[in-house]
Structures are given as C-alpha cells and as structure tokens.
Novice: 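There's a structure below that I have some questions on.
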Amino acid sequence: MKPIRLMTGFFTVGVWTLLSRVLGFIREVLLLSLIGPGPVMDAFVAAFRLPNMFRRFFAEGAFNAAFVPMFAKKLEGEEDAQRFARDAFNGLGLVVLVLTGLGMVFMPGLVWATAEGFVGDERFDMTVGYGRIVFPYILCMSLAALFSGVLNATGRFAVAAAAPVLLNIFVIAAMTIGALTGGAVVTWLVWAIPLAGVAQLALTWRAAADAGFALKPGRPRWTKDMRAMIVVALPAAMASGVMQINLVVGQLVASQYDSAVSWLFAADRLYQLPLGVVGIAVGVVLLPDLSRRLRAGDTQGAHHTLSRAAEVSLALTIPSAVALTVVPLALVTVLFERGASDVDDSAAIATAVTIYGLGLPAFVLQKILQPVYFAREDTKRPFYFALVAMVVNAALAIGLAPFVGWIAPALATTLAGWVMFACLAIGARRFGDAARFDARFHKRIWRIIAASVVMGVALMATNVALQPFIGLPWWRGLALLVLLSVGAASFFGIGQLIGAFKISEFRSAVRRG
C-alpha cells in the first residue's frame, strides 16, 4: 500500500490548487470585464451557487467526512476497500441523481429560497434559466469527489487536485469564444459548466481505475458498512447544511442591494486563493493521514503531523491575511478593474476583501482542526459547533444590514468563522496530546506573526509609493508585481532571520514526505 507523504502531498495539492485559483482569477477577470457587476452577473452567480452549495453538502462535506476515514482505515487494515468504495459509489450516485431531477423541476423554488430579493425583476427568470443548465454539474462533481477521495486515501493527490483546473479551462475558453464570435458570453459560460463536470468525472474515474479501483455503476446495496457510513455522514451532512445556510443567508441579504451579489462574489474569489492553496490542500492531505495513523495506533505521529500542518499553513496564511487587509484596493484595481467594472466596483470589492482577510486565519484553522474530529469518525460535535456559528452568522448578517448595508454578510462570515474555530479548538482538547499543537508550533507562531507585521508595514509604504503607477493601465500589472515582491521578500527575510521558519526544513520535509 502506498504510504501518504504529508509534505509532498501538501505541496502537490497546493501547487495544483494554486494553478486552479490563478486560472480562476482569469475567469473572474473575464467575467467582470465582459459581463460586469449587474443583473446578468448577479443571476449567474446565484445560479452557479446552487450546484456548488449542494456539492459541498453531499460531496465535500457529509460524504467525504464519512467516506474518506472509513476507506482509509479499510486500506490500512486490508478490509476489502474495493467493495466498500463500490457500494459507496452506487449509493451516492442514486441519491445525487434523484436530487438533480428534483432540482431541475423545482428550480424556481430554489431561486426564491436562496435569492428572494430577485423576485419581481429580470434577475429571477434569468437565474431560473441558468440554474437548470448548470445544476446537473452536481451529479458529475459529487461522483468525482468520491473518486478524488479514493485517490487521496491511497496517497495519489495529483489527479484529484488537478481536476478542478478543467472547470476554469472550459469556462475561460467558452467566454473567450463567446466574446470573439460576438455571441452572448453568459450563454457560452453556463453551458461550459456541465461539460466541465463531465470532463472532471472522466479524469478522476480513469485515475481511480489506474489505482486499482475500477468502479462501475450497479445496484445500490444496503450493507453494514453503508449503515455505519450513513450514521457518520448524517451529522456531517447537517453541519454542511448549516454552513450552506450561512451562504444562503448572506446571499439573501446581498440580493436586496444592486450589484452586491457580484461584489461579494468577486471578493470571495480573492480570499479563496490562499484559503484553497493552503487550508484546503492541508485538509485534503491531513484527513486520510490522521485516519491511517490512528488506525495504526501512532498517536505521536498524529501529534507531529497535526502540528507541522498547522505550522506550515499559518506561515503562509497569516501574511496572506495581512496583505488582503492592508492593500486590498491595489489588488482589486489591478485584477478586476477593466471593461464593465469601474472604480466604484473596485472600491466596493476591496472593502469586502479587507473584511474577509481578517477571517482568513480562522477559515484555514477550521480546515486543520476538522480532520481531527473526522479522522475519529466524530461528526456530531462539528455539527453542534456549526449550529452555533450559523446562529452568529444569521444574527449578524440580518441584524447589521440596516446599519452597514450590503457589507453585513461579509462581516457576519468573518466573525462566525472565528466562533467556529474557537468551538473546534476547545472541543478538540478531549482528544489529548494527539489533537494539540506541540512546543515548536507555539514557539514559532509568534515569530510568524511578527514577520507578518513587518511585511504589512513594508506593503503599506510600498503601496503609497506606487500609487501613481497602479492607476495607469499599462503600468498597474508591473506595480502590483513589485508590491507583492517587496511583501514576500520582507516576510521571508525577516522570518528566516528571527527563526519563524527555516527554508531548509521545508526542503528536507518535502524530501522525507
């Protein structure tokens, strides 16, 4: 059985996720410049959020939280993982197929429930039409998530991490063709999404077959393992459902304001770059590794793995959060301000980016701590914690809207993220040392924060000096490159000097895995 090499897996997933996010930036740049904030983009964002919402609920949330630890432990114990994966594949396929059919039929109700502010204007009908085209994406992506879980549990991270790149390639190509041929760009855009889902499913399906798990459709079987997986999955499903309710509440509030859905979507894509590259990458690798170590009784190894994952994650996340907080307008202006997006749009998006940046460390820490529970097949308490975060999010999003307007959902998301992290951290204490960070982590985290503060000061000073160039279309890209280079050099230079990290340790860790 192929062992999991933690650091190698982390960097493999991180590099592919980075490529996906970079292509995602190109996708959003095209979306904002060719369509721009307004009714059409609001409708597309609301429609595309529907399959993504259910995908996170079934595939990345409930299903993976239950499937990956059980599958990894069966691999470790050589307990017929093939049959377990096949039964899970057939069961998930049936459930999501039924869900897809219901979603297509009741699409107007889904749009009303998630974007009630669209009712009575052109956005509602557009969202229903777009939603019926993109909703089948959930079927392909849910099954692709299963195959990705198989690959991750066997230590094969590359294909699973590369699959999301296909979506951005398809979408970028579709919008480019639409713009060059003079067609409706949004029409090309929405039809590209289900086609990309088919491509992602085919890629992961083939890779899983090459790894020895050639799963084929068949009659679903209700077995003891399936029953055990459902018992674990139901609390995770409810927890994922709670998190999706947070997104819906935010969209419901934002839909009351013109262009707010588009602004928050653009800001979300910017902070999702470090969250995806760091938090999601570590979470993907950490869950099967912890599961297999706990199955083998390697408590000390689990303790070390968790501490190193947190250390590396925060060494990359905290400076990212500082950058998003201190120079958001420069980032947004260079990346998004062109075509149909103007100065006012940039200012609004930058405001949301600042708020999301303050919550970025919390979102990443959640991705690190959740596997601590899932690896032990404990999904109930994360559900209870998610309920607490949901109440905080809803109360703030709705309660603050009369005072701060459309930005209330961003404030609510950030504060609820810190509440969720606090609950996970306090709850993990019952697992003992295996779920705690070690002395080396506590020694270095304050040095990482200090290096990040120095970097923030350097970014602010450089941003002031480069302002005349950031406003010039032909120079803004170079100015942003200089700004980011100064930030990276100051952080890594100071960090190395004060012992926040050692570059040599990263290199040796990757060689060891």
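If you read the sequence from its start, that first residue is 1, and numbering goes on from there. For clarity, every value in this text was computed on a predicted model and none was experimentally measured.
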Novice: Mind checking side chain to side chain contact (heavy atoms under 4.5 Å, CB included) for Leu396 and listing every partner two or more places apart, or none if nothing turns up?
Specialist: Val392, Leu400, Ala412, Leu415
Novice: Using the ring-ring contact (aromatic ring centres under 6.0 Å, His included) criterion, which residues pair with Phe147? Sequence neighbours excluded.
Specialist: Phe89, Trp205
Novice: Test Tyr373 against Phe431 for ring pair (Phe, Tyr, Trp, His ring centres under 6.0 Å), laying out the working first.
Specialist: CA-CA 9 Å; Tyr373 293 85; Phe431 296 129; 5.4 Å; yes
Novice: Do any side-chain atoms of residues 90-107 form donor-acceptor pairs under 3.5 angstrom with protein atoms, and if so which ones, sequence neighbours left out?
Specialist:
from	atom 1	to	atom 2	distance (Å)
Asn90	OD1	Gly218	N	2.8
Asn90	ND2	Arg86	O	3.3
Thr100	OG1	Val96	O	2.8

Novice: Filter on salt bridge (charged side-chain N to carboxylate O under 4.0 Å, His left out), then keep only pairs touching residues 87-102, sequence neighbours left out; what's left?
Specialist: Asp87-Arg221
Novice: Report yes if the side chains of Glu311 and His442 come closer than 4.5 Å at any heavy-atom pair, otherwise no.
Specialist: no
Novice: Hey, could you give me the SG/CG distance between Cys423 and Leu369, rounded to the nearest 0.5 Å?
Specialist: 11.5 Å
Novice: With sequence neighbours left out, what residues match Ala410 under side chain to side chain contact (heavy atoms under 4.5 Å, CB included)?
Specialist: Leu264, Ile355, Tyr356, Ile407
Novice: I'd like to check Leu314 versus Phe441 (side-chain heavy atoms, cut-off strictly below 4.5 Å). Are they in contact?
Specialist: yes
Novice: Taking only distance into account, with no hydrogens and no angle test, what donor-acceptor pairs under 3.5 Å do side-chain atoms of residues 188-202 form with protein atoms, sequence neighbours excluded?
Specialist:
from	atom 1	to	atom 2	distance (Å)
Gln200	OE1	Tyr137	OH	3.4
Gln200	NE2	Ala163	O	3.2

Novice: Return all side-chain donor-acceptor pairs below 3.5 angstrom for residues 166-174, not counting sequence neighbours, or 'none' if the list is empty.
Specialist:
from	atom 1	to	atom 2	distance (Å)
Asn168	OD1	Arg27	NH1	2.8
Asn168	ND2	Ser20	O	2.7
Asn168	ND2	Ser20	OG	3.3

Novice: Measure across Ile368 and Ala310 and return the closest heavy-atom pair with its distance rounded to 0.1 Å.
Specialist: CD1-CA, 3.6 Å
Novice: Kindly indicate whether the side chain of Phe363, heavy atoms from C-beta on, has any atom under 4.5 Å from the side chain of Phe421.
Specialist: no
Novice: Got a second to check how far Ser262's OG is from Leu31's CG, nearest 0.5 Å?
Specialist: 7.5 Å
Novice: In this structure, are over 12 heavy atoms from other groups packed under 6.0 Å from Trp112 atom CH2?
Specialist: no
Novice: Donor-acceptor check, side chain of Asp438 to backbone of Ser307, threshold 3.5 angstrom: yes or no?
Specialist: no
Novice: Can you sort out the partners of Phe118 under ring-ring contact (aromatic ring centres under 6.0 Å, His included), two or more places apart, ordered by chain and number?
Specialist: none
Novice: Starting from the C-alpha separation in whole Å, work towards a yes-or-no answer on side chain to side chain contact (heavy atoms under 4.5 Å, CB included) for Gln370 and Met420.
Specialist: CA-CA 10 Å; Gln370 283 172 340; Met420 180 69 175; 4.0 Å; yes
Novice: Show every salt bridge (charged side-chain N to carboxylate O under 4.0 Å, His left out) that has at least one partner inside residues 193-209, sequence neighbours left out.
Specialist: Arg206-Asp210
Novice: Specify the closest pair of heavy atoms between Pro409 and Ala254, including all atoms of both residues, with the distance to one decimal.
Specialist: CG-N, 4.3 Å
Novice: Please name the pair of heavy atoms, one in Ala408 and one in Ala397, separated by the smallest distance, quoted to 0.1 Å.
Specialist: CB-O, 3.5 Å
Novice: Side-chain contact test, heavy atoms from C-beta onward, threshold under 4.5 Å: evaluate it for Arg123 versus Met41 and give yes or no.
Specialist: no
Novice: Taking only residues at least two apart or on different chains, which pairs with a member in residues 386-395 satisfy side chain to side chain donor-acceptor pair (under 3.5 Å)?
Specialist: Asn246-Asn393
Novice: If you round to the nearest 0.5 Å, how far is OG1 of Thr127 from CZ of Arg132?
Specialist: 12.0 Å
Novice: Looking at every heavy atom in both Ala416 and Ala389, which two are closest together, and how far apart are they?
Specialist: CB-O, 3.6 Å
Novice: Could you tell me which residues satisfy side chain to side chain contact (heavy atoms under 4.5 Å, CB included) with Thr114, sequence neighbours excluded, listed by chain and number?
Specialist: Leu50, Met53, Val248, Gln251
Novice: Quick one: does Trp418's side chain get under 4.5 Å of Pro361's, heavy atoms only?
Specialist: yes
Novice: Among Val40, Asp42, Val111, find the one that has a side-chain contact (heavy atoms from CB on, under 4.5 Å) with Met126.
Specialist: Val40
Novice: Output all residues satisfying salt bridge (charged side-chain N to carboxylate O under 4.0 Å, His left out) with Asp125, sequence neighbours left out; order by chain, then residue number.
Specialist: none
